[in-house]
Amino acid sequence: MSEIKKFYGGFVVEHVSGQIFRFNIDEETRFIQDTNLYLKKCCADIAAFLNLEVGDLLITDELVRQKDYILSRQEDLFALLNKNQLELDCLLKVARLRPMLLVKLNMNCFSVWTMAWLFVQPSYPLSGITDLFKVIEMSLMRHDVMENFYQLAYLGAERSEILGWIYANWKDCHMNRREVQIFLKKKQNKETFFSQLKRIMFNH
């Protein structure tokens, strides 16, 4: 916990002042260890809360099957995820400022934690969530896990941040008719969608 607090403070100063936060290998190692402990506990709590195995939260077919059940428990899932504010804020800052540092984490746990945040986006948007996506994209887990995010990103499509990520990964986000209808529910999404679709068609 102490190392997470130290890194959080360092990145706050960096963000505000522009002064680079520097750390040595021992500090980095302790930060990774402390953060992995936090993520491991989170994953166990998420799995127990949803009555699922941790591994099931990384399987696309299982996530799609359980989607309605998970969404029905958004409020309580959000409360579970949001109870450790320091760790959350620290991970968001590091994902923005030093994403390659987070690639050294246990990416199974990091991916489950990020996926849980995606499920609460319809009601409890998290600013910076696409920075978490990018960490996974940069890791060796990319091909094993990103399919989950491609298939379920429409859950947060009413947010401009995730909307932009969907456009950037349009070919991979294979949305069915019902999901497209949800995606286009907002007039702004619809207008942006058609302008982006024209761009895609003319560029390719």
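- Minimum heavy-atom separation, C90 to I4: SG-O, 3.6 Å.
- Heavy-atom minimum distance, N148 versus M115: CB-CE, 3.1 Å.
- With S139 contributing its side chain and I136 its backbone, the two residues share a donor-acceptor pair below 3.5 Å.
- Side-chain N or O atoms of N36 include one that pairs as donor or acceptor with a backbone N or O of N106 at under 3.5 Å.
- One distance of note links NZ of K104 with OG1 of T35; it measures 12.5 Å at 0.5 Å rounding.
- Using a 4.5 Å cut-off between side-chain heavy atoms of Ile, Leu, Val, Met, Phe, Trp and Tyr, with links allowed through other members, V16 and I20 fall into different hydrophobic clusters.
- Below 30°, between 30° and 60°, or above 60°: for F110 and W113 the angle between ring planes is between 30° and 60°, a tilted geometry.
- Contact record, L132 with A95: CD2-CB, 3.9 Å, taken as the closest heavy-atom pair.
- Ring orientation note: the planes of Y150 and W165 are close to parallel, at an angle under 30° on the 30°/60° scale.
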(request) Step by step, work out the salt bridge (charged side-chain N to carboxylate O under 4.0 Å, His left out) result for K134 and E137. (result) CA-CA 5 Å; K134 288 173 186 173; E137 289 176 317; over 6 Å; no

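- For the atom pair L50 CG and D45 CG, the distance stands at 10.5 Å (nearest 0.5 Å).
- One finds the CG atom of L101 at 9.5 Å from the CG atom of L91 (value rounded to the nearest 0.5 Å).
- The two atoms that bring K83 and L80 nearest to each other are CG-O, 3.3 Å, heavy atoms only.
- No more than 12 heavy atoms of other residues, nucleotides or ligands lie within 6.0 Å of CG in N51, so this atom counts as exposed by the packing criterion.
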(message) Go through it in stages, so that I can follow the logic: the residues are D172 and M146, the test is side-chain contact (heavy atoms from CB on, under 4.5 Å), and I'd like the CA-CA distance, side-chain angles, deciding distance and then a yes or no.
(response) CA-CA 9 Å; D172 296 308; M146 286 312 299; over 6 Å; no

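- When hydrophobic clusters are built by joining Ile, Leu, Val, Met, Phe, Trp and Tyr residues whose side-chain heavy atoms come closer than 4.5 Å, directly or via intermediates, L81 is grouped together with L71.
- Here the straight-line distance linking atom CZ of R98 with atom CZ of F11 works out to 4.5 Å at 0.5 Å rounding.
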(request) Quick one: do F31 and F23 satisfy ring pair (Phe, Tyr, Trp, His ring centres under 6.0 Å)? Show the steps, please. (result) CA-CA 10 Å; F31 171 76; F23 43 87; 7.7 Å; no

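- Closest non-hydrogen pair, Q74 versus S123, comes out as OE1-OG, 3.2 Å.
- The closest donor-acceptor contact from the side chain of Q121 to the backbone of L155 lies at 3.5 Å or more, if one exists at all.
- E161 places a side-chain N or O within donor-acceptor distance of the main-chain N or O of I129, the cut-off being under 3.5 Å.
- Counting non-hydrogen atoms of other residues, nucleotides and ligands closer than 6.0 Å to CD of Q85 gives a total above 12.
- Side-chain contact between V135 and L105 is absent, with no heavy-atom pair separated by less than 4.5 Å.
- Closest approach of K93 and V12 over heavy atoms only: CE-CG2, 3.5 Å.
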(message) Could you go through R96 and H15, starting from their C-alpha distance and side-chain angles, then the distance that decides it, and tell me whether this counts as side-chain contact (heavy atoms from CB on, under 4.5 Å)?
(response) CA-CA 10 Å; R96 173 62 58 88; H15 178 73; over 6 Å; no

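- Under a hydrophobic-cluster definition in which Ile, Leu, Val, Met, Phe, Trp and Tyr are linked whenever side-chain heavy atoms come within less than 4.5 Å, directly or via other members, V13 and Y8 are assigned to different clusters.
- Hydrophobic clustering (side-chain heavy atoms under 4.5 Å, transitive across Ile, Leu, Val, Met, Phe, Trp, Tyr) groups M138 together with V145.
- From D34, atom CG reaches atom CD of E27 across 12.0 Å, with rounding to the nearest 0.5 Å.
- Within a 6.0 Å radius of CD1 in I25, no more than 12 heavy atoms belonging to other residues, nucleotides or ligands are found.
- Taking CG of L39 as the reference point, atom OG1 of T114 lies at 8.0 Å (rounded to 0.5 Å).
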(request) Would you sort out whether L77 and Y124 count as a side-chain contact (heavy atoms from CB on, under 4.5 Å), showing the intermediate values? (result) CA-CA 10 Å; L77 180 57; Y124 306 99; over 6 Å; no

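- The local environment of CD in E75 is sparse, with at most 12 non-hydrogen atoms from other residues, nucleotides or ligands closer than 6.0 Å.
- Judged by distance alone, the side chain of R73 and the main-chain N or O of F49 form a donor-acceptor pair under 3.5 Å.
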(request) Report the C-alpha separation of W117 and L88 in whole Å, then their side-chain angles, then the decisive distance to 0.1 Å, and conclude whether the side-chain contact (heavy atoms from CB on, under 4.5 Å) test is met. (result) CA-CA 11 Å; W117 273 110; L88 170 60; 3.6 Å; yes

